[in-house]
Each structure stands twice: as C-alpha cells, then as structure tokens.
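First comes the structure, then the notes that go with it.
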2 protein chains.
Amino acid sequence: MTSTGTRTPLTRDRIIDAAVALADELGVEEVSMRKLGAELGVEAMSLYNHVENKDGIFDGMIDHVFESIPLPAAESDWRATVRATALIALDRFISHPWVVNLLMQRGNYGQSSLRFMDRTLGLLRSAGFSDEDTHHAWQMLASHTMGYAFQQVSGGYDDKEWDNVVPSQAELAEFFPHVAALAPYLAECEAGAEFAFGLDIIISGLQARLDAVTPGGSQPLGL
Amino acid sequence: MTSTGTRTPLTRDRIIDAAVALADELGVEEVSMRKLGAELGVEAMSLYNHVENKDGIFDGMIDHVFESIPLPAAESDWRATVRATALIALDRFISHPWVVNLLMQRGNYGQSSLRFMDRTLGLLRSAGFSDEDTHHAWQMLASHTMGYAFQQVSGGYDDKEWDNVVPSQAELAEFFPHVAALAPYLAECEAGAEFAFGLDIIISGLQARLDAVTPGGSQPLGL
DNA sequence: ACCTGAACACCGTTCAAGT
DNA sequence: ACCTGAACACCGTTCAAGT
C-alpha cells in the first residue's frame, strides 16, 4: 500500500538508506541483495543498475555513518574538541553496531571518513603536534575509539554460548576467580563514562608530550 | 600420496588446525565446510561428526590464537609484564589477521581467552588497582591492542579501491591536505614501535592513577 | 561410530530478454 | 535507460542411507 502504489525511483541513496535501516533492525548479515530488493519493492537484480556490487553498498553504509559525525572545529582547543568528537564517534559506532565490522573488511578510506581524518589531523597539527606525533595521536585515538566500540559490539554475552563455556557460577569462580570477582563491573555497561576514563588518560598523555616538545604551552589539565 | 594413503583419523583439533592454516593462507572468507573437507581428504558433511557447526570451528580458531599468547606471570612488575604481553598479543593478532574479525562476530569468551583475561586481571589487582580501576585498565589495554590490530588489519590500501576515492595525488593534496602531508607516516608501517608509543602513555597514565590512590608505591617510570 | 550422496534453502552475480 | 526471469556457481546444514 504505502510504497508499492507510487513509483519512487530507485537511486543509490535510497538503496544505501534501506540497507542501513535493514542492518540496524536485523543485523548486517541479513542484508542480502534479494532482501534489500524486496524491501524496496524491486527485484534484486535491479540494484546493480545503481550500485557496482554488494561491497559498494557496504562502502555507502560506512560513509553514511561517518557523515553523521560532526567534523572537529578547526582552530579550537584541541583537548575539548577531540574529547567531544571521540564521544560522538563512539556513540555512532555503537548505535550502528555493524559499522565496525564493515570497517574491518572494507577499510575506512571513503570520502567521508577521509574528510573526518583530515580535519582531525589538521586540528592536531594546529595545536602544535609534530607531524610524527600527530600521526601517533591519531592512531591512538582511533585505536581507543574503535577498540572500545569493538568490545561493546562484539560477542554480546549470548547466554546460550556463555553457558557452554562456564556451566555454573561456581565453576566460573573456581577457574576464573578474577573474572568472577569483577563480574559486576564487566556487566555494568555505562559505555560513555568508561570510555571517557581512558580517553582522558590518553589526552593527558598527549598533552604532556606536547608540553615536553614546546614548553610554554597551556597548562596541563587537572584530571 | 601424502595423506590420502594413510588414514589419519579426523578429530576436532585436526579440523581447527586445518582451518587456521587455510585462513592464514587464503583468508578467512575462503574457509568453507566444503573446502575444509577437501583439505582434509573428506567430504564436508563428515566435519559435523566432530564439530557442532561452522561457528564451532571459528570458536576453535579463536582459542587457538589465544593459546599462543603466554599468560602474564602472576606477581611480576605489572608494567613490564603488561607491556610485554600486549606486544606479543598484538603480534599474534596481526599474524592471524582473521582473528580480530572472528572475535567481533563471535565474542572472545572461550576457554583460552577467559583464562588470559583472568590472569591479566589478577596481575592488575595484585599490583594494587581497585576492582573498578582494574576493570578500566583491562578495558583500556584491550581497546588499544584490539583497536590497533584492527587498524593494521583493516582495509589494506587496496590500490584499485583507493584510486576510486582519490583519483590523483594532486586531488588528495587539494581535498585532504593533512592526510597528504602525513602520507609518509601513514604508509610507514613499523607496527611495533608505533603501538608501543601509545601503550607506554596508557601504562604511565594507569601508574599515575595507582600512585594517586596508594601513595608510597613505586616511582613512576621515566618514559 | 563414522562417512557419504542427494537435497533444501539460501547466497552474489551474469546475461539475454523484455519495456 | 531501467527492470526482470532464468541460470550459474557457490554457501551451511539436514537426513536417510550406507559401512
């Protein structure tokens, strides 16, 4: 009724949007050419008129997520901007859990991710980091953000499988006492605060590095 | 000739080993039940007598990698031990590039990875970290290691695709000047040193946290 | 107990054919 | 120019049948 009557023309953007919606709802493994076509009221083969192949759709989905991350302001206080940007990026990666997966097998060198990287590198350089340290800082911030998103997204404590490894709570305490002792912290999933803990350590460490090279810079933040 | 004549019995371990070898050589996407069977001189369906399904094989492959990481010694200097262990873990993750991918879709709560996690948590607790900070430290170290491996493994600068995004070097310099300026650093792939740069910042930050809570601890390392 | 062949319900992608 | 149906070469997995 809704979309079959009218004839909204098929475009690359409509395909990407439908793929994102499908992946958000059912998981990326449910995104197939046939299902995506059905979702758009069209045969699977029609998609190939607007998209090179399935990998092209995946690339578009990645770009879609990076476009939703505001670019870091150019000449701002690098610490506050990097902190805020990383928090938003983490939020986007977690609310589209499939993007980390796609990034790994597709790489992150699309238009939008390149632009995001470029602006962030520019901010770090304008803050006074050497080219080499800028690269190191980027790598570190990216590792921490992607790695944390990775952990939040991966596995997901599927109870069935978990019981397979550790049949009982008593057995967990016997063989993995430290894991058992920290279980409350491991289960507690307040992603933002936990992520920020590490992020602040990294930012402070990078600031210290900056101060060591260019003395007379801003004071270290009292974290 | 070699393995078809004799009748080495099929076992779960032989299947996992063959799957690891196949994934190392051709990539994890080439690991199918049929190809794995062919590699072992057997029909695909025979594998189901020794393994629950394909995900069971993936779980075994993950465990195989974690078994190759030496467990951190219990009462050692936490900084040196964590540093060395993280470097080895990174090396293992990079030399089996598929493991990061599998970890994401399967979760890392197999026997071996749980044991590894438990020993590391034990080391951190015995070093004096509170339970909450132990959890934070684990999260941070895991994020950095997995995130860095993730970046090393992902994408891989496939030239064909790369040209698709940035047709010419001139265009790269125009639209992404900072990326272009840092290209030499981005291309230089000395993974170990780069990873250690961030790792040392994290370890120092965690030590500072430890000193703040329990004054009179060991002196901060002059990194 | 272990292995097999045929079959089922899926994939991505190609290609000639339709309009 | 865009869409389609049939087809090809793959998947993971089930199941009855072999030994």
Mind calculating the distance between [atom1] ([X]) and [atom2] ([N]) to the nearest angstrom?
X: Glu43(A); N: dC11(C); atom1: CD; atom2: P; value: 13 Å
X: Ile57(A); N: dC11(C); atom1: CD1; atom2: C1'; value: 14 Å
X: Lys54(A); N: dC11(C); atom1: NZ; atom2: C1'; value: 8 Å
X: Glu29(B); N: dG12(D); atom1: CD; atom2: P; value: 12 Å
X: Glu52(A); N: dG12(C); atom1: CD; atom2: P; value: 15 Å
X: Leu22(B); N: dC11(D); atom1: CG; atom2: P; value: 11 Å
X: Met33(B); N: dC10(D); atom1: CE; atom2: P; value: 18 Å
X: Gln105(A); N: dG12(C); atom1: CD; atom2: P; value: 13 Å

Side-chain N or O of [X] closer than 4.0 Å to phosphate OP1/OP2 of [N]:
X: His50(B); N: dC3(C); result: yes
X: Tyr48(B); N: dT13(D); result: yes
X: Lys35(A); N: dC11(C); result: yes
X: Ser46(B); N: dT4(C); result: yes

_Stepwise side-chain hydrogen bond (donor to acceptor under 3.5 Å, both in side chains) check, Ser143(B) with Gln151(A)_ = CA-CA 7 Å; Ser143(B) 290; Gln151(A) 289 188 277; 2.9 Å; yes
Could you tell me whether the side chain of His144(A) and the main chain of Gly147(B) form a donor-acceptor pair under 3.5 Å?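 Checked: no pair found.
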*Verify, without hydrogens or angle tests, whether Arg92(B) (side chain) and Ser68(B) (backbone) share a donor-acceptor contact under 3.5 angstrom.*
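Side chain of Arg92(B) to backbone of Ser68(B), a donor-acceptor pair under 3.5 Å: yes, one is there.
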Which of the following nucleotides, [options], is nearest to the side chain of [X]?
X: Asn49(B); options: dG12(C), dT4(D), dC3(C); value: dC3(C)
X: Leu10(A); options: dC3(D), dC11(D), dG12(C); value: dC3(D)
X: Met45(A); options: dC11(C), dC11(D), dT14(C); value: dT14(C)

Mind checking Ser32(B) for me? I need base, sugar-phosphate or nothing, with any heavy atom below 4.0 Å counting as a touch. sugar-phosphate
Taking the nucleotide of DNA chain D with the closest heavy atom to each, which residue, Arg34(A) or Asn53(B), is nearer the 5' end?
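Going by which nucleotide is closer to the 5' end, it is Arg34(A).
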>> Checking base pairs now: Watson-Crick or wobble, both atom distances under 3.5 Å. What partners dA16(D)?
In response: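 Pair assignment: dA16(D) / dT4(C).
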- [ ] Scan every strand shown for a Watson-Crick or G-U wobble partner of dA9(C), both distances under 3.5 Å, and answer none if you come up empty.
- [x]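 Across all strands, not a single nucleotide pairs with dA9(C).
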message = Are the side chains of Thr81(A) and Pro72(A) in contact, using a 4.5 Å heavy-atom criterion?
response =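 Pro72(A) reaches Thr81(A) side chain to side chain.
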Look at the aromatic rings of Phe197(A) and His136(B) and report parallel, tilted or perpendicular, splitting at 30° and 60°. parallel
